[in-house]
2 protein chains.
Amino acid sequence: MTLLRDEGLTVEELAVWRMLQRAQVRITRHLEAELLVAHDLPLASYDVLSQLAEAPERRLRMNDLAGRVLLSRSGLTRLIDRLQRDGLVSREACESDARGLFAVLTDAGAARLAEATPTYLRGVRAHFLDVLGPDEIGHVRELVTRLAGATDAS
Amino acid sequence: MTLLRDEGLTVEELAVWRMLQRAQVRITRHLEAELLVAHDLPLASYDVLSQLAEAPERRLRMNDLAGRVLLSRSGLTRLIDRLQRDGLVSREACESDARGLFAVLTDAGAARLAEATPTYLRGVRAHFLDVLGPDEIGHVRELVTRLAGATDAS
DNA sequence: CTTAGTTTGTTGCACGCACACCTAAACAGT
DNA sequence: ACTGTTTAGGTGTGCGTGCAACAAACTAAG
């Protein structure tokens with residue numbers, strides 16, 4: 001694979017990227033599977049609920065929310081449809097802007113979130129954090145911060 | 001969020017996990033978008049082609065391949081259908097096991113892969129590797145290896 | 001006030017994926 | 001051989017997502 005050298009990559013660098021992809025996919029699937037069997041709650045739904053829970057007044061504009069959960073606006077529309085159908089979220093109009101809608105966490109949604117959160121946190125610990133040495137976390141945090149921010153510059 | 005403490009997580013640890021998720025999704029999307037506009041090749045297809053290219057005789061059993069690209073067997077069946085339709089891959093029977101099938105990289109597939117690889121590698125460099133300090137790679141490799149392997153133990 | 005342009009959220013559509021089920025082939029024990 | 005079990009791969013179906021097109025509401029310029 002002389003192509004690698006042409007682009008200035010080592011085989012090690014490429015392998016690291018592939019393993020990261022692999023690890024991320026597998027961890028995410030474990031997490032989702034655990035949430036699903038224990039609480040019938042997909043990971044994307046969990047993300048939405050927790051974002052709302054952390055937001056002031058447990059409400060967020062659809063657009064803001066879509067950005068935070070890395071979902072397209074249309075995808076979020078459908079996801080909120082489902083959550084609303086299950087009573088975990090409600091839609092409320094925005095008074096200052098008639099086209100705006102808030103997604104609002106209901107009490108039932110908060111309860112469901114509280115119920116699922118231990119499962120989620122245990123999964124993050126078991127599949128991710130326990131694999132890191134405790135002293136590594138600071139280093140990884142710094143690294144991941146750079147990664148999350150840098151992808152904007154494209 | 002006293003729930004965090006109940007599970008022995010710090011807010012920093014949780015934030016690191018979230019940012020990693022975020023970074024991974026964004027990098028992957030950039031990569032896929034670039035492959036799509038430049039070569040009309042989805043990332044999953046690229047992965048299959050490159051796995052085949054690295055395999056002995058450019059062929060792999062469906063089951064093996066499904067494991068390597070983190071796809072369900074049915075998902076792989078459909079993906080190979082598409083690649084076969086486009087002439088990038090062919091199916092060949094296995095003589096020693098009549099129910100086995102090989103996915104084989106065709107010359108056209110190898111050509112398409114060679115064409116797309118620079119785009120892919122440049123993307124990996126730009127969105128991922130450039131963000132790492134060169135001295136960090138060894139450390140990250142070691143870490144990611146643990147992550148990729150550890151998720152089996154569940 | 002009118003008109004052009006932008007932003008917000010939703011809908012039609014097609015795609016890609018996983019789950020459950022199915023068939024055929026291999027294997028195991030009797 | 002004969003029957004039950006396992007494994008390889010493919011098919012039917014439903015779900016979740018993004019893209020493009022849309023309607024409604026806001027904004028800005030004349």
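Note that the structure is predicted; figures quoted are calculated from it, not measured. A note on names: the letters A, B, ... follow the listed sequences, proteins ahead of strands, and every chain is numbered from 1.
- Projected onto DNA chain C by closest heavy-atom contact, Met62(A) and Arg29(A) fall at different nucleotides, the more 5' of which corresponds to Met62(A).
- Rounded to an integer number of Å, the gap from Leu101(B) CG to dA25(C) C1' is 12 Å.
- Counting to the nearest Å, the P atom of dT10(C) and the CZ atom of Phe102(A) are 13 Å from each other.
- Residues Ile80(B) and Leu65(B) have side chains in contact (heavy-atom distance under 4.5 Å, counting atoms from C-beta outward).
- Taking atom CD on Gln84(B) and atom C1' on dG10(D), their separation rounds to 13 Å, with Å as the unit.
- In this structure, the side chains of Arg82(A) and Arg85(A) come closer than 4.5 Å at one or more pairs of heavy atoms.
- Counting heavy atoms from C-beta on, the side chains of Phe128(B) and Leu20(A) come closer than 4.5 Å.
- For the pair Leu65(B) CG and dA8(D) C1', the interatomic distance rounds to 14 Å; values are reported in whole Å.
- Nearest-nucleotide positions on DNA chain D for Arg99(A) and Asp64(B) put Asp64(B) closer to the 5' end.
- When the C1' atom of dG18(D) is taken as reference, atom CG of Leu71(A) falls 9 Å away, rounded to whole Å.
- Applying the 4.0 Å criterion to OP1 and OP2 of dT7(D), one finds that Asn63(B) has every side-chain N and O outside that range.
- Residue Arg82(B) places at least one side-chain N or O under 4.0 Å from the OP1 or OP2 atom of dG16(C).
- For the pair Tyr46(B) and Leu113(B), the minimum side-chain heavy-atom distance is below 4.5 Å.
- A straight line from CG of Leu76(A) to P of dG16(D) spans 14 Å, rounded to a whole angstrom.
- Atom pair Asp81(B):CG and dC15(C):C1' shows a separation of 14 Å (rounding to whole Å applied).
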field: Stepwise salt bridge (charged side-chain N to carboxylate O under 4.0 Å, His left out) check, Arg68(B) with Glu54(B)
entry: CA-CA 12 Å; Arg68(B) 304 199 194 204; Glu54(B) 291 169 14; over 6 Å; no

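- Remark: the Ser74(B) side chain and the dG10(D) base include no donor-acceptor N/O pair separated by less than 3.5 Å.
- At least one side-chain nitrogen or oxygen of Arg61(B) sits closer than 4.0 Å to the OP1 or OP2 atom of dG9(D).
- As a whole-Å value, the separation of Leu79(B) CG from dC17(C) C1' is 10 Å.
- Between the side chain of Arg78(B) and the base of dG12(D), at least one donor-acceptor pair of N or O atoms lies under 3.5 Å.
- The phosphate of dC17(C) (OP1 or OP2) has no side-chain N or O of Arg73(B) nearer than 4.0 angstrom.
- For Asp97(B), whose side chain is taken as the heavy atoms from C-beta onward, the closest listed nucleotide among dA18(C), dA26(C), dT11(C) is dA26(C).
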